[in-house]
Amino acid sequence: MTEPLRLGLLGGRGYAGEALLRLLSGHPGFELAYAASDSLAGKEISSVYPDLGLGGRFVDPGEAASHGADVVVLALPNGQAAAHAGALTGARLLDFSADHRFDPDWVYGLTELNRDAIAGAERVANPGCYATGAQLALAPLASRLAAPPAVFGVSGYSGAGRRPSPRNDPERLADNLLPYALSGHVHEREISVHLGQPVRFMPHVAAFFRGISLTCSVRLQQAATADELIAHYRAFYRAAPLIEVTAEPPEIRAVAGTPRAAIGGFAVDARDPTWVTLVCCLDNLLKGAASQALENLNLMCGYPPTEGL
């Protein structure tokens with residue numbers, strides 16, 4: 001491996017930014033050029049994340065372009081990344097937010113489905129967490145759908161970020177399940193556009209911290225069996241080392257804290273075997289954000305896709 005590439009991070013305060021810093025601290029191909037944060041500007045990185053062994057101070061995001069980097073990760077809220085991207089000339093860019101997921105000038109970074117286009121790309125849009133799981137669950141059946149699938153999603157409250165809201169309020173979530181954005185969620189559009197099929201999506205947040213479970217109800221053009229579907233999914237993802245296909249419905253605890261996604265269940269309705277229900281689980285901060293970002297960075301920069309994971 002050659003000299004490490006210098007990486008800049010805008011948004012080092014959020015959960016996803018923190019998770020990426022943890023992964024990068026053990027990656028031989030990248031060194032941190034800077035981390036930028038409005039709320040942490042001027043503070044020593046080691047005072048915020050003492051266990052990562054990172055030196056330097058957080059800088060103001062407005063000064064990031066003057067610090068220089070080979071590749072920059074925009075881990076900013078939706079609506080803020082696009083303004084910074086234009087100023088970061090000369091660097092490869094990876095955007096965590098939704099700002100560029102529908103931009104044809106950016107490669108959509110769902111690694112299992114778009115690996116060749118990501119390899120060597122200059123600008124990559126990291127998919128959303130729900131959208132990652134839903135597309136992984138539905139992509140093998142996209143050409144066989146007879147109707148729009150319905151996806152019921154439940155996320156841990158880390159998905160709502162650090163800024164206080166009802167969706168990350170422990171008192172509001174205690175012994176509770178909170179539905180929100182039941183029509184028009186940005187991930188519903190994202191799933192539909194990149195899958196090439198309309199999808200109905202119903203997001204919820206629960207009292208656990210990390211992880212996502214997505215239950216997908218699918219109508220197929222022709223009848224199927226569970227065994228056939230399992231074999232089909234395993235063949236579809238045979239070159240995807242981070243995807244596990246199981247006969248039983250996966251659980252969040254099996255993938256939390258890992259870069260993997262698990263797909264399983266495959267319940268075929270005995271009354272009408274064109275109806276299928278399946279489940280996908282992943283860690284929203286890793287496969288739904290930071291570890292998928294590192295997969296994209298590896299592909300963009302010529303490293304093995306799972307390096308550092």
Side-chain angles (χ1 to χ4, degrees), residues 9 14-30 49 51-53 73 75 94 96 109-115 118 124 126-140 151 153-161 168 187 203-216 230 233-234 236-266 278-300 303-309:
L9 173 65
Y15 288 126
E18 176 186 353
L20 182 60
L21 280 174
R22 292 186 180 280
L23 292 173
L24 290 170
S25 66
H27 195 297
F30 298 104
Y49 304 123
D51 57 327
L52 298 186
V73 176
L94 177 72
F96 270 75
L110 188 53
T111 54
E112 284 77 14
L113 305 182
N114 212 16
R115 180 166 297 180
I118 299 166
V124 173
N126 213 51
C129 51
Y130 283 126
T132 293
Q135 288 178 86
L136 291 173
L138 297 172
V151 180
V154 181
S155 173
Y157 64 85
S158 60
N168 58 20
H187 287 177
H204 299 69
V205 64
F208 56 89
F209 179 69
R210 66 193 302 159
I212 282 177
S213 180
L214 297 149
T215 299
C216 307
I230 292 169
Y233 271 70
R234 286 178 175 163
F236 190 93
Y237 288 119
R238 63 183 177 276
L242 298 177
I243 306 299
E244 180 183 9
V245 178
T246 64
E248 297 298 317
E251 298 181 13
I252 289 172
R253 66 175 62 189
V255 294
T258 82
R260 296 182 295 105
I263 305 168
F266 301 105
L278 64 150
V279 177
C280 179
C281 291
L282 51 77
D283 187 314
N284 59 301
L285 298 180
L286 291 175
K287 186 60 175 171
S291 67
Q292 181 157 240
L294 190 54
E295 290 180 69
N296 280 316
L297 290 168
N298 283 332
L299 288 167
M300 293 168 70
Y303 301 134
T306 59
E307 183 75 46
L309 297 180

Grab the two heavy atoms, one from [X] and one from [Y], that are nearest each other, plus how far apart they are.
{"X": "Leu282", "Y": "Ala261", "value": "CB-CB, 4.2 Å"}
{"X": "Gly133", "Y": "Cys280", "value": "O-SG, 3.5 Å"}
{"X": "Leu52", "Y": "Ser25", "value": "O-CB, 3.9 Å"}
{"X": "Pro140", "Y": "Tyr233", "value": "CG-CE2, 3.4 Å"}
{"X": "Asn168", "Y": "Ala160", "value": "ND2-O, 3.8 Å"}
{"X": "Ile118", "Y": "Gly109", "value": "CD1-CA, 3.6 Å"}

In Å, rounded to the nearest 0.5 Å, how long is the span from [atom1] of [X] to [atom2] of [Y]?
{"X": "Asp283", "Y": "Ile212", "atom1": "CG", "atom2": "CD1", "answer": "8.5 Å"}
{"X": "Phe30", "Y": "Glu307", "atom1": "CZ", "atom2": "CD", "answer": "9.5 Å"}
{"X": "Glu18", "Y": "Leu23", "atom1": "CD", "atom2": "CG", "answer": "11.0 Å"}
{"X": "Leu297", "Y": "Leu20", "atom1": "CG", "atom2": "CG", "answer": "6.5 Å"}
{"X": "Ser158", "Y": "Asn284", "atom1": "OG", "atom2": "CG", "answer": "4.0 Å"}
{"X": "Leu214", "Y": "Leu136", "atom1": "CG", "atom2": "CG", "answer": "9.5 Å"}

Any side-chain heavy atom of [X] sitting closer than 4.5 Å to one from [Y]?
{"X": "Pro250", "Y": "Ile263", "answer": "no"}
{"X": "Phe266", "Y": "Thr246", "answer": "no"}
{"X": "Thr132", "Y": "Gln292", "answer": "yes"}
{"X": "Cys216", "Y": "Leu138", "answer": "yes"}
{"X": "Leu309", "Y": "Glu295", "answer": "yes"}
{"X": "Cys281", "Y": "Arg253", "answer": "no"}
{"X": "Arg260", "Y": "Leu286", "answer": "no"}

Side chain of [X], backbone of [Y]: donor and acceptor closer than 3.5 Å?
{"X": "Arg210", "Y": "Ser155", "answer": "no"}
{"X": "Tyr237", "Y": "Leu242", "answer": "no"}
{"X": "Asn298", "Y": "Leu294", "answer": "yes"}
{"X": "Tyr15", "Y": "Leu285", "answer": "no"}

Salt bridge present between Glu112 and Lys287 (N-O < 4.0 angstrom) =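 So Glu112 pairs with Lys287 through a salt bridge.
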Please check if the distance between the ring centroids of Tyr157 and Phe209 is under 6.0 Å.
-> yes
Begin from the C-alpha positions of Leu24 and Leu9 and carry the test side chain to side chain contact (heavy atoms under 4.5 Å, CB included) through to its verdict.
-> CA-CA 11 Å; Leu24 290 170; Leu9 173 65; 5.8 Å; no
Do you see a donor-acceptor pair shorter than 3.5 Å between the side chains of Asn296 and Thr111?
-> no
In sequence, state the C-alpha distance, the side-chain angles, and the governing distance for Phe236 and Ile243, and then conclude on side chain to side chain contact (heavy atoms under 4.5 Å, CB included).
-> CA-CA 10 Å; Phe236 190 93; Ile243 306 299; over 6 Å; no
